[in-house]
Every structure is written in structure tokens, then in C-alpha cells.
K.L.:
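The structure under discussion is supplied below as C-alpha cells; questions concerning it will follow.
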Amino acid sequence: MEVTAGQYELVYNFFSFTIATMAASTIFFWLGRSQVSSAYRTALTITGLVTFIALYHYVRILDSWADAYTLVDGVLTQTGVAFNDAYRYVDWLLTVPLLLVELILVMKLSRSESTSKSVRLGALAAIMSVLG
């Protein structure tokens, strides 16, 4: 795929902005746990975990993007290192089940119903993330 220097910088800056946003979100959610009812603290912890996992994967994606190209004096050249976009699938494999569990937690179901739905939906989401 042919990428211009402008496109490279735009993508690079997008990843940088996303990393900063995910880091700020993680801190916000984890520090905000004391400000919500105890019934929602676990859900807020999971939200912070989801944004932390996304932060990690965006750092890895940015590293892969930077390794795939070299930009010197406005001239972009490919390094021969392939851009690895598989990180997004690993991210989904981890975060989608967590988001479903979080959704179940805020629904205030009984403990047995929450456990049952969390295990079933979490497993199904992980399987679906792998398949497609």
C-alpha cells in the first residue's frame, strides 16, 4: 500500500492522540471509583481495565507503524518491516468480553444470574472475536 508522508503523519498523530486519551481515561476511571456507589465500583474498575488494555495495544500498534516506515526530511520510505495489525484483534479478544461482563454488573441482577450470564456471554464474545 502506498502511503504519503502526510498520511503517515496523520495516522501517527491519531495513534498518539488515542494513546493519550486512553491513558487519561484509565486514570479518570480508576481514580473515580471512590465517587460512585459501591455497587458500581467493580464496573468502573473493569472500564479502567478496558481502557488500559486498549492503551497498551495502541502503543504496540504505534510502534509497529513507526517500524514499518521511515520519515526523513519529508520523504517517507518503507523499512521492509511489516505493519502488524493483529494487535487490534487481541485487543478485541480481551476487551469485548470485559465490556459484556461490565454491562451485566450494572444491570443489578442476582449473583447467580450475573455469574451465569457473565460466563456465557464472556465465553461467546471471546469465541466470536477469534472467529471473526
Side-chain angles (χ1 to χ4, degrees):
M1 175 170 98
E2 195 69 29
V3 177
T4 67
Q7 291 169 330
Y8 171 83
E9 288 180 345
L10 180 66
V11 171
Y12 189 94
N13 290 332
F14 172 76
F15 285 137
S16 295
F17 178 76
T18 302
I19 289 166
T21 302
M22 292 297 171
S25 297
T26 300
I27 292 166
F28 175 79
F29 291 130
W30 284 346
L31 291 179
R33 289 184 70 243
S34 64
Q35 304 299 314
V36 299
S37 168
S38 62
Y40 298 109
R41 288 185 184 146
T42 302
L44 212 53
T45 301
I46 292 172
T47 300
L49 183 59
V50 166
T51 57
F52 181 75
I53 290 168
L55 164 67
Y56 171 78
H57 286 109
Y58 272 95
V59 168
R60 299 296 311 201
I61 292 168
L62 176 61
D63 288 344
S64 179
W65 182 253
D67 290 344
Y69 299 95
T70 302
L71 182 62
V72 178
D73 296 328
V75 178
L76 185 70
T77 56
Q78 290 183 330
T79 63
V81 177
F83 172 64
N84 185 353
D85 63 351
Y87 294 113
R88 64 183 172 162
Y89 299 111
V90 175
D91 183 79
W92 295 341
L93 179 65
L94 298 172
T95 59
V96 170
L98 285 171
L99 289 169
L100 289 172
V101 168
E102 179 186 355
L103 178 64
I104 292 165
L105 287 173
V106 299
M107 292 172 64
K108 293 188 175 183
L109 303 172
S110 70
R111 187 178 227 32
S112 63
E113 196 174 12
S114 291
T115 302
S116 171
K117 288 188 183 313
S118 293
V119 169
R120 286 189 0 232
L121 284 176
L124 183 60
I127 290 168
M128 294 306 293
S129 294
V130 170
L131 295 178

K.L.:
Decide yes or no for I104 and L121: does some side-chain heavy atom of the first lie under 4.5 Å from some side-chain heavy atom of the second?
P.N.:
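Yes. Closest side-chain heavy atoms under 4.5 Å.
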
K.L.:
Treating Ile, Leu, Val, Met, Phe, Trp and Tyr as nodes and any side-chain heavy-atom pair under 4.5 angstrom as an edge, say whether Y87 and F14 lie in one connected cluster.
P.N.:
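Linked within one cluster.
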
K.L.:
Would you please name every residue forming a side chain to side chain contact (heavy atoms under 4.5 Å, CB included) with T70, sequence neighbours left out?
P.N.:
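V72, T77, T79.
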
K.L.:
Between L55 and F17, is there shared hydrophobic-cluster membership here, with clusters defined by ILVMFWY side-chain heavy atoms closer than 4.5 Å?
P.N.:
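No.
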
K.L.:
To the nearest 0.5 Å, what is the distance between CZ on F83 and CG on D67?
P.N.:
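Answer for the CZ-CG pair, F83 versus D67, is 10.5 Å.
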
K.L.:
Just verifying a value: how many Å separate T95 OG1 and I46 CD1, rounded to the nearest 0.5 Å?
P.N.:
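Rounded to the nearest 0.5 Å, the OG1-CD1 separation comes out at 12.5 Å.
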
K.L.:
Indicate yes or no: at least one non-hydrogen side-chain atom of I53 is less than 4.5 angstrom from one of L98.
P.N.:
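Side-chain contact under 4.5 Å: yes.
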
K.L.:
Taking side chain to side chain contact (heavy atoms under 4.5 Å, CB included) as the definition, give me every residue that meets it alongside Y12, ordered by chain and number, with sequence neighbours left out.
P.N.:
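Scan of Y12 (side chain to side chain contact (heavy atoms under 4.5 Å, CB included), adjacent residues dropped) gives Y8, S16, L62, W65, A66.
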
K.L.:
Aromatic rings F15 and Y58: how do their planes relate, parallel, tilted or perpendicular, breaks at 30° and 60°?
P.N.:
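Judged by the thresholds at 30° and 60°, the geometry between F15 and Y58 is tilted.
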
K.L.:
Give the cluster check for V11 versus I19: same hydrophobic cluster or not, with ILVMFWY residues linked at side-chain heavy-atom distances below 4.5 Å.
P.N.:
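Yes.
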
K.L.:
Can you sort out the partners of A5 under side chain to side chain contact (heavy atoms under 4.5 Å, CB included), two or more places apart, ordered by chain and number?
P.N.:
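L71, L76.
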
K.L.:
So which atom in S64 and which in A82 form the shortest heavy-atom distance, rounded to 0.1 Å?
P.N.:
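That closest heavy-atom pairing would be OG-O, 3.9 Å.
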
K.L.:
Listing request: all salt bridge (Lys or Arg N to Asp or Glu O under 4.0 Å) pairs with a residue in residues 85-100, at least two apart in sequence or in separate chains.
P.N.:
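Only D85-R88 qualify under salt bridge (Lys or Arg N to Asp or Glu O under 4.0 Å).
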
K.L.:
Cut-off 3.5 Å, no hydrogens considered: what does the side-chain donor-acceptor table look like for residues 22-33, sequence neighbours left out?
P.N.:
unit_1	atom_1	unit_2	atom_2	d
S25	OG	T21	O	2.8
T26	OG1	M22	O	2.8
T26	OG1	T51	OG1	2.7
T26	OG1	F52	N	3.2
W30	NE1	T45	O	3.1
R33	NE	R41	O	3.3
R33	NE	T45	OG1	2.5

K.L.:
Can you list everything that forms a side chain to side chain contact (heavy atoms under 4.5 Å, CB included) with Y40? Sequence neighbours excluded, please.
P.N.:
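So Y40 forms a side chain to side chain contact (heavy atoms under 4.5 Å, CB included) with V36, S37, V106, K108.
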
K.L.:
Would you say L99 ends up clustered with V90 if hydrophobic residues are merged whenever their side chains have heavy atoms under 4.5 Å apart, either directly or through other cluster members?
P.N.:
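Same cluster.
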
K.L.:
So how far is it from L105 CG to K117 NZ, rounded to the nearest 0.5 Å?
P.N.:
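If I round to the nearest 0.5 Å, the distance is 13.0 Å.
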
K.L.:
Please walk me through it: do H57 and L94 pass side-chain contact (heavy atoms from CB on, under 4.5 Å)?
P.N.:
CA-CA 11 Å; H57 286 109; L94 298 172; 4.0 Å; yes

K.L.:
Please tell me whether L10 and V3 are part of a single hydrophobic cluster in this structure, the criterion being side-chain heavy atoms less than 4.5 Å apart.
P.N.:
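As far as the 4.5 Å side-chain criterion goes, V3 and L10 are not connected within one cluster.
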
